Amino acid sequence: MGLIIAANWKMHKTAAETVSFCNRLLPQEKYFQGIEVLICPPFTALAAAAAALEGSSIKLGAQNMSWEEEGAYTGEIAPQMLKEFRVSHVILGHSERRHIFGEDDATIRKKFQRALYDELVPILCIGETEDQRNRGETEAVLERQLRAVLEGLEPGSIKELVVAYEPVWAIGTGRAASPSDAAAAASLVRAVVEKIFSSETGPTLRVQYGGSVNANNIGSFVALSPVNGALVGGASLEVDSFAALITAAKEAAGC
Ligand code: PEP
């Protein structure tokens, strides 16, 4: 499987700004062959993004969703509402959702199960805080976060899974993890997923690195085989930096 590079715009860009971004990105699309490129705008810009990207290979993801199908859940967005705008992926368990909005593993598991039910590909974010890292708990935290969501799920129920290893201390700080630490975390993710699911019933898994990725450092991450792409915040907000990051990844991975 090839690389997957996803733009997480967080709470940035209006619908009009999204259209302008997409219109400027589309001429670059011919350079992205062999890489799955995904944009995750705010909910309010999904319709505009879907229209602007119609007919292109650039996919759309959501940054969050409800675990419920519909009902009295003020302010929530259901998976079927996302699918109306050709959303194929959903980011779940981002550290900002965990730490600012109090999402715990149980909540993330419910959302994950709903994503599977509605056939959205989950991008499950995991990662240690700086304190956990300093205490030598990184591996235990990653394993716990994975097991909390994946353990006990019906064998064969997950066809495709993307796990984003995002150390919390590296997000938006300009301090990326070292490529070897990212590769070690990606290998750990693979080993844990293989322990939970047998090779016949296990999902197709890709592991992204996320945390201060840019066009200058992406190559050193994806050149190491356990890392299959990136979840990109800040560097995905400008067309030039995002397109440069994708082409640098393509060159480094030789795809
Ligand atoms: C993110 O929020 O998922 C992220 C990786 O952000 P940044 O690239 O800005 O560190």
Side-chain angles (χ1 to χ4, degrees), residues 3-13 17-18 21 25 35-43 45 49 59-65 87 89-103 108 111-112 115 120-130 132-133 138 141-142 145-146 149 161-179 181-183 185-186 189 206-222 224 226-249 252:
L3 300 183
I4 176 165
I5 299 206
N8 175 16
W9 284 355
K10 312 189 185 194
M11 200 171 70
H12 293 287
K13 295 196 193 294
E17 288 164 346
T18 297
F21 181 101
L25 187 67
I35 301 210
E36 197 172 340
V37 177
L38 186 71
I39 291 174
C40 307
F43 293 134
K59 297 185 178 171
L60 279 180
Q63 299 174 19
N64 183 25
M65 64 170 211
V87 167
H89 292 64
V90 60
I91 299 173
L92 297 176
H94 190 280
S95 69
E96 286 150 18
R97 301 289 327 161
R98 291 179 192 259
H99 298 290
I100 304 174
F101 299 102
E103 281 191 18
I108 296 160
K111 292 184 177 192
F112 189 94
L120 288 165
V121 177
I123 300 179
L124 175 62
C125 300
I126 58 170
E128 81 285 2
T129 63
E130 184 145 41
Q132 289 167 331
R133 182 178 187 82
T138 300
V141 168
L142 302 184
Q145 290 175 333
L146 284 171
V149 173
L161 171 63
V162 180
V163 174
Y165 167 58
E166 298 210 306
V168 179
W169 49 270
I171 296 179
T173 59
R175 258 176 74 209
S178 71
D181 281 356
V189 169
R206 281 179 294 177
V207 185
Q208 298 176 312
Y209 167 72
S212 300
V213 177
N214 56 45
N216 297 325
N217 64 16
I218 182 75
S220 56
F221 291 106
V222 298
L224 301 174
V227 178
N228 315 118
L231 184 55
V232 187
S236 72
L237 290 172
E238 299 296 332
V239 173
D240 291 348
S241 55
F242 189 50
L245 187 154
I246 297 165
T247 47

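What you are looking at is a predicted structure, and each value in this text was computed from that prediction instead of being measured. Values below: every heavy atom of this structure, side chains too, minus hydrogens, waters and symmetry copies. Read the numbers this way: they start at 1 and go in the same order the structure lists the ligands and their atoms.
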Response to the item:
The residue among I123, I5, V232 that forms side-chain contact (heavy atoms from CB on, under 4.5 Å) with L38 is I123
Item to complete: For ligand 1, list the protein residues that place a heavy atom within a distance below 4.0 Å of one of its atoms, sorted by chain and number.
Response: N8, K10, H94, E166, A170, I171, G172, G210, G211, S212, L231, V232, G233, G234
Worksheet item: Just by modelled atom types, is the G127 backbone N or O under 3.5 Å from a matching donor or acceptor in the Q145 side chain?
Response: yes
Practice prompt. Check whether any side-chain heavy atom of I35 lies under 4.5 Å from a side-chain heavy atom of T247, and answer yes or no.
Written response: no
Fill in: Partners passing side chain to side chain donor-acceptor pair (under 3.5 Å) against E130 (at least two apart in sequence or in another chain)
R175
Worksheet item: Are side-chain heavy atoms of E96 and Q63 found at a separation under 4.5 Å?
Response: no
Discussion item. Please verify the inter-ring angle class for W9 with F21; under 30° counts as parallel, over 60° as perpendicular, anything in between as tilted.
Written reply: perpendicular
